[in-house]
Each structure stands twice: as structure tokens, then as C-alpha cells.
Amino acid sequence: MKILVQREDFDVGAEIRALAGHARIGAVASFIGLVRDLNDGSAVATMTLEHYPGMTEKAIEGIVAQAKGRWEVLDCTVIHRFGELKPADQIVLVAVASGHRGDAFAACEFIMDYLKTRAPFWKKEQTPQGARWVEARATDDEAAGRWQRKEPGAA
Amino acid sequence: MKILVQREDFDVGAEIRALAGHARIGAVASFIGLVRDLNDGSAVATMTLEHYPGMTEKAIEGIVAQAKGRWEVLDCTVIHRFGELKPADQIVLVAVASGHRGDAFAACEFIMDYLKTRAPFWKKEQTPQGARWVEARATDDEAAGRWQRKEPGAA
Amino acid sequence: MKVKVLYFAGLREQVGSSSEELELPAGVSTLAGLRSHLVARGGVWQSALAETRLVRMAVNQQMAQAASAIRSGDEVAFFPPVTGG
Amino acid sequence: MKVKVLYFAGLREQVGSSSEELELPAGVSTLAGLRSHLVARGGVWQSALAETRLVRMAVNQQMAQAASAIRSGDEVAFFPPVTGG
């Protein structure tokens, strides 16, 4: 397991290769989030990611622990950047290694959905209309909520 | 769009970097399938992947076209190997670039599920008990069937 | 009419052939008909292609059903359920 | 009791402070109580932390609810809904 919150970019190929290389792994699902040059109808020149140092790492650890409790996760890497980013820059990587693809996909998407709604990061965009904080989306809460409805015993 | 059926290994990092690099892409979901050293309780020494040259490419093209009809797919790469492979070797890569993560995850998992049940590849494993053809799994049909139930107007 | 028939994977091994050119009698015009024609050879053909076996079929490199028509010059393939990915 | 209070993102900009050390009156023992105490300062505090605003809270770097207890020495944080990933 590897969790990094860093200003620097990351190398997706190297990170995936570095996942525990044992031969019980049959599936690696991964996700990369990138800065788009257009958001909510405005051109985005640069984006600044603020975070809560210390809490971010703990929040991601907690999310990964939940994923491990629900699916077979043989190894997992989460890297989230902060600081100033430009369009097409990488923001986040989640890579999950498992025996089977169903577990790898589910754990990877779960970690992303929870990270979007529970890890203390905030995006501020510079647009031609000035700087603005990105608003949280109801669709992100819904995406995270899907997983709760699937939990046994949950309402 | 890039679809390759080849004997050679592939470089995941290079393939993901090569996805159309424009800044409308906010999400890249990818999947790598690998040879496991244990399958259905038997140690796997080597695996041979047979395929139907010509039809495999068409089948994958058809699956990718369906995914593009259902989700926003800005770019997509599918590479599937054939020939003799060893445990921990890479078998397949599916990488999907989209504006948003929901589309990228769904299209990537859809392509994998359909590829497992509709693309003409067959695995033969060498085990201490001898060579055996891998049996198709009911769980793979179920995984592919999920997507049909979600189609509007489908029974 | 003449068709090319391909066999793959376990089915190829069972019938001991990967491909053949077939001259079909007039009555054979669907995949089901072709399969019955091959089963009628008996022996490994009967066991490999029996109704009770899960066999997938393609015509001209497209997945096809038992009722699918076949025409002269078609490439037909028989194979087990696929296991790639 | 004494607590450390942190503010992040838009909320930090609104109150014009990223962190402060607070000496709390005896009656304040929950996050809701602390929030009311800050709102009572009026001005930017009142507008940024008003009941009608969606504000997320953490105690000692764990997400927490309004009813959560706070103790002397705790690190408390107020921030808008998160937008990372």
C-alpha cells in the first residue's frame, strides 16, 4: 500500500509496475484524474489545489482500509497532488491490484468516489472571469452514496 | 482509437500517455489483465492464448463502438496478446479517456466484460496435472449481462 | 455450395483439424444445418459438435446464431465459449 | 479550554484567517457550540459559518458531526464541501 500527497507529478507506468509483483495478481484497475481546460462552461487557465496537510493522508488511508474490507485488494497506490496545476496535468492516481477484475474495478471506483467527497482537497480555478472555488457536485455525493446502499445492513 | 492483437508485450505507461492528449480529457480509466500462477486450484506454469486472427480485431472494434455509443469516450486503446505467456505476464490492456470518471470507468469495465465473453480468444494452461483448456465462467456471462439489463428498452 | 470451415481451441483439437473447404449438399443453408451435416460424419465430429455441447459459431468473422444463413464462399467457424481477457 | 481552529479554502478566505488558538468559555463543549460561539462574533464569522451555509467540520483530522464533543487541546477545522480528485 502506498499513499502519497505531493506537489510533484507522478509516473503512471512506474507506479503500476511498482505494485506488488507477485503472481496472485490477475487484475490491475487504475484511474487518473486530469485538469480539464473547460469546467462548468469556463476556460480554465490554471488550477490551485489546497489541502489539509496531515488529514488528507489519514482520510485516504481510511478510504483504502474500507476498500480492503469490502474487496480483495492485494496492493494499492493512491497519489494526489496539491499546488498549482495546468490543463492536462495529472491530479490523482488510484491503482488497485487484485486477483480478479470485478474486485479491482469496484475498489478503484469506490476509492475515487470516496476521495472526491471525503478527502480534504479544494480546487480553485483561474478563469477569464476571475478566480473561483469549484463547487461540490451533487453527482459526486450520489456516486459515493451508491456504495453505501450496497453495504449489507445499510438503510 | 487503437486496437492491437499482438504477440509482443506492451508498455502501459507509454500507452496511457499516447491517448489523445487534449485537455478535454479529465479521466482515464484503465485495466490490465495478468497471468496468475494459480487458477481453479492448480499451479499454472505457462499459458497459451489462441485466437481467431481477423475476427478478434473486428470483435474488439465492435465492442469499442458499442461503448462509444453508450458513454463519452474521447479516446480508447485496447491491446490483447496471444501466444505463450508466463505467470505475471500482461495479457490485456484497456484504457479509456473521457471527460468524466463515471463514463471512463463504465466504458472500461464494459469493454473488459464484453471482451471476456465475445472476443475469440481461448486460454490453455500448462499445470502439473497436464495441459487444460480454461473453462468459460458463468460469472463472466453474468458480468456482461449486467450491461444489457441497463440498456433502455431492454427486458 | 462451397464454404470454408474453421475450428478453434479445444474443438480444433477434438476434430483434429483447424480448417477445411467443404462442398455442401443443396439442403444445407443455415449454421444449424451445417452443424448437423458435420455431426452426421460420426466419430469425433459427432462428439465435438453434438447438440448437447456448448459450441459458438461465427459467419464471416461475426458471431452468429444457429438460424443464421450461410452462403457460398462464406467463412464459418466453430469454437468453444471464449476465455480471453 | 483551549483549542486550535483551522479554516480552509473559500471559508479561510472569507474569515481572513487560516488558524487561531481559541480560549473557549465553559459552556462550549461540542462542534455546534464552537460554531455558534464563532458566529456570535458577527461580521465575516456570522456570514461564513451561518447555519444556512454548508460547512464541513473535522476534529483532530477526522470528519466530525455537529454533536461531536471537543476537548482541550483538540485541533478543529472548518471548511467547505471538498472538491479534490
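Below, chains carry the letters A, B, ... as their sequence lines are ordered, and counting in each starts from 1. Only a predicted model underlies this, so the values are computations on that prediction, with no experimental measurement involved.
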Taking B:Asp113 first and then B:Arg118, would you say they form a salt bridge - that is, a charged N and a carboxylate O separated by under 4.0 Å?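 Salt bridge: no.
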
Please state whether the side chain, the backbone, both or neither of [X] comes within less than 4.5 Å of a heavy atom of chain C.
X	value
B:Lys58	side chain
B:Ala119	backbone
B:Lys123	both

Give a yes-or-no answer on whether the side chains of C:Glu75 and C:Asn60 include a donor-acceptor pair shorter than 3.5 Å.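 No, no side-chain donor-acceptor contact under 3.5 Å.
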
Establish, from distance only, whether the side-chain atoms of B:Gln129 and B:Ser42 form a donor-acceptor pair under 3.5 Å. yes

At their closest point, which heavy atom of C:Lys2 faces which heavy atom of C:Ser72, and how far apart are they? N-OG, 3.3 Å

Largest heavy-atom contact set with chain C, pairs under 4.5 Å, which of B:Arg137, B:Lys124, B:Arg132: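 Highest number of pairs under 4.5 Å: B:Lys124.
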
Contact winner vs chain C - B:Trp133, B:Phe31, B:Phe82, heavy-atom pairs under 4.5 Å: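 Winner by heavy-atom pair count: B:Trp133.
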
What part of [X] lies closer than 4.5 angstrom to a heavy atom of chain B: side chain, backbone, both or neither?
X	result
C:Leu54	neither
C:Ala9	both
C:Gln62	backbone

Sort out for me which of C:Arg56, C:Gln61, C:Glu13, C:Arg12 touches chain B most, counting heavy-atom pairs under 4.5 Å. C:Gln61

Out of curiosity, B:His100 NE2 to B:Leu74 CG, how far, rounded to the nearest 0.5 Å? 9.5 Å

Measure the NZ-CG distance between C:Lys4 and C:Asp74 for me, rounded to the nearest 0.5 Å. 12.5 Å

Within a radius of less than 6.0 Å around CD of C:Glu23, do more than 12 heavy atoms belonging to other residues, nucleotides or ligands occur? yes

